[in-house]
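When reading the values below, keep in mind they use all heavy atoms of this one structure, side chains included, and skip hydrogens, waters and symmetry mates.
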Amino acid sequence: MKVGDRVRVIESVVVYHHPEHKSDPFDVKGLEGGVKAFVTEWRGRPVSANLPVLVEFSKKFKAHFRDFELEIVEKAAE
């Protein structure tokens, strides 16, 4: 998996920050989005994030995941 790949959420993951379901639990299982980044540093310092894969579903909604919660739908062009 790399930045630019299109992925689908295959595990049940409940979020509370979905823009259409503000403050309500929302399961993102089945949603597709693009891998935006892998979190390896914060403010210039290395980190070991427990949810390192940042996926963008829309301009208003991004979420962090573990790699096993996602499957690749389409590889990014090289």
Is a donor on one side and an acceptor on the other found under 3.5 Å between the side chain of Asp27 and the backbone of Val13?
yes

Between Asp5 (side chain) and Lys2 (backbone), is there a donor-acceptor pair under 3.5 Å?
yes

Pairwise side-chain contact, [X] with [Y], heavy-atom cut-off 4.5 Å (strictly under):
X: Lys62; Y: Val55; answer: no
X: Leu31; Y: Phe26; answer: yes
X: Pro25; Y: Tyr16; answer: yes
X: Val47; Y: Val39; answer: yes
X: Leu54; Y: Phe65; answer: no
X: Val7; Y: Val73; answer: no
X: Lys29; Y: Ile10; answer: no

Ignoring hydrogens, what is the shortest heavy-atom contact between Met1 and Val53? Give both atom names and the distance.
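Looking at all heavy atoms of both residues, the closest pair is SD-CG1, 4.2 Å.
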
Tell me the closest heavy-atom pair linking Ala63 and Phe57, and the distance in Å.
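Heavy-atom minimum between the residues: CB-CE1, 4.2 Å.
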
Enter the distance from [X]:[atom1] to [Y]:[atom2] here, rounded to the nearest 0.5 Å.
X: Glu11; Y: Arg66; atom1: CD; atom2: CZ; answer: 10.0 Å
X: Glu69; Y: Leu51; atom1: CD; atom2: CG; answer: 6.5 Å
X: Ser58; Y: Glu20; atom1: OG; atom2: CD; answer: 7.5 Å

In terms of relative ring orientation, are Phe61 and His17 parallel, tilted or perpendicular, with 30° and 60° separating the classes?
tilted

Could you tell me whether Arg6 and Glu32 make a salt bridge, using a distance below 4.0 angstrom between a side-chain N and a carboxylate O?
yes

